[in-house]
Amino acid sequence: MVIRELHGWPSTAEEAEAIQDRLRPMLELDVPGPVAPRTVAGLDVSYAGDGGGTGTPLAAAAVVLDGATLEVVEESVAVGTAAFPYVPGLFAFRELPTLLEALRGLTTTPDLLVCDGFGVAHPRRFGLACHLGVLTGLPAIGVGKTAFVGAYEEVGARRGDASPLLDGGEVVGRVLRTRDGVKPVFVSVGHRTDLDTACRNVLALTPEFRLPETTRRADRLSRDALSSRGIG
DNA sequence: GCGACAG
DNA sequence: ATCTTGTCGC
């Protein structure tokens, strides 16, 4: 896959926000998403010390699964350091450089990117999934474990039940139950997909546990990468 | 103005 | 994100 070059890197929150505002117009949001993706890449990052400021060691993992069988097709890990302090709304700038390095290590060009965190369910409608989507040109979605922006009504107790995530009068995502009686996840569109397809894909990637297999695999790989290199 | 705030 | 014991359940 061709990954857009990172221009300058922000040194202040204002610069980071300006980058988000400049890239947001490049989003393709009202397009149908990949219905039966051949391959799906899961992305996740693990940290070594406290994840507060810049410079913290981290490992980013990209794991490609067969969209139909959910078997691992390819894996890639990259180690680096947090490139920005943790600021809600600017989270992507922390792990973007290392995540892109992990993606560059893949031979496969996945049909879909599944990110930890959010897409347009974001204060400026440009979360990590949007950023990665624009930089790679690939369909991307965000799957968050906790709420960030938006309000929603209680979700039904069964797998597949969902309720819209509303922010500022618009639907920015969907709260989706992936397992009976288990806390739901927050799905939002990142790039080149619609919300319905995004949720269908999340359910397809979640046959057994709360989180998508893509996320679980990437989480384990990034964690192992730290410990096996003596960083954990 | 005050608090809340993805990972 | 990470620091952590015990505990319930498949």
Side-chain angles (χ1 to χ4, degrees), chain A residues 13 16-17 19-20 23-24 42-63 77-100 102 113-134 140-152 159 165-168 172-176 178-191 195 198 202 207-212 214-227 229-232:
Chain A
E17 290 183 11
I19 290 175
Q20 293 179 327
L23 295 180
R24 194 184 327 100
L43 303 167
D44 194 26
V45 172
S46 290
Y47 292 76
D50 47 335
T54 307
T56 304
L58 54 78
V63 178
V77 208
V79 292
T81 57
F84 205 80
Y86 174 68
V87 180
L90 301 177
F91 169 63
F93 293 95
R94 250 175 114 51
E95 20 189 79
L96 217 37
T98 314
L99 277 172
L100 293 175
L113 257 37
V114 178
C115 312
D116 238 49
F118 292 102
V120 297
H122 176 279
R124 281 172 301 284
R125 303 291 181 266
F126 201 77
L128 175 63
C130 297
H131 212 137
L132 279 168
V134 165
I141 65 177
V143 179
K145 297 181 285 294
T146 61
F148 184 29
V149 298
Y152 58 96
R159 165 179 160 85
L165 182 61
L166 303 165
D167 187 47
V172 296
R174 195 172 293 170
V175 188
L176 177 67
T178 54
R179 282 197 71 185
D180 291 2
V182 171
K183 188 152 76 112
V185 298
F186 299 77
V187 180
S188 58
V189 161
H191 186 54
L195 187 54
V202 169
E208 188 175 5
F209 302 106
R210 179 192 176 220
L211 298 176
T214 36
T215 301
R216 300 184 70 251
R217 291 282 189 174
D219 177 82
R220 193 161 78 177
L221 179 58
S222 62
R223 201 166 307 212
D224 289 349
L226 284 181
S227 59
R229 296 177 194 219
I231 306 178

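Since the structure is predicted, the reported quantities are computational estimates derived from the model, not experimental observations. These values consider heavy atoms only, across backbone and side chains, with no hydrogens, waters or symmetry-generated copies. Lettering follows sequence order; numbering is per chain, from 1.
- For the pair A/Lys145 NZ and B/dA6 C1', the interatomic distance rounds to 8 Å; values are reported in whole Å.
- The distance from atom CZ of A/Phe126 to atom C1' of B/dA6 is 15 Å, rounded to the nearest whole Å.
- Between A/Glu17 atom CD and B/dA6 atom P there is a gap of 16 Å when expressed in whole angstrom units.
- The closest side-chain heavy-atom distance from A/Glu95 to A/Leu128 is below 4.5 Å.
- Between the side chain of A/Arg159 and the backbone N or O of A/Thr178, at least one donor-acceptor pair lies under 3.5 Å.
- Distance A/Asp167 CG to B/dA4 C1': 13 Å, rounded to the nearest Å.
- Look at CZ on A/Arg223: it is 12 Å from C1' on B/dG7, rounded to the nearest Å.
- We find that CZ of A/Phe93 is positioned 19 Å from C1' of C/dA1, with the value rounded to whole Å.
- Residue A/Tyr47 places none of its side-chain N or O atoms closer than 4.0 Å to OP1 or OP2 of B/dG7.
- When heavy atoms are screened at a 4.0 angstrom cut-off, A/Gly127 is found touching base atoms of the nucleic acid.
- Atom CG of A/Asp219 is separated from atom C1' of C/dT2 by 12 Å (rounded to the nearest Å).
- Here A/Leu128 lies in heavy-atom contact (under 4.0 Å) with a base.
- Ring orientation note: the planes of A/Phe186 and A/Tyr152 are nearly perpendicular, at an angle over 60° on the 30°/60° scale.
- If you measure from atom CG of A/Leu90 to atom P of B/dC5, you get 17 Å, rounded to the nearest angstrom.
- Looking at heavy atoms from C-beta onward, A/His191 lies out of side-chain contact with A/Leu113 at the 4.5 angstrom threshold.
- The side-chain contact (heavy atoms from CB on, under 4.5 Å) test with A/Val143 singles out one residue from A/Cys115, A/Pro212, A/Ser188, and that residue is A/Pro212.
- Within the nucleic acid shown, A/Gly89 comes within 4.0 Å of at least one base atom, counting heavy atoms only.
- Taking side-chain N and O atoms only, A/Ser46 has a distance below 4.0 Å to OP1 or OP2 of C/dT2.
- Nucleic acid contact for A/Ala121: none, since no nucleic acid atom lies under 4.0 Å from a heavy atom of the residue.
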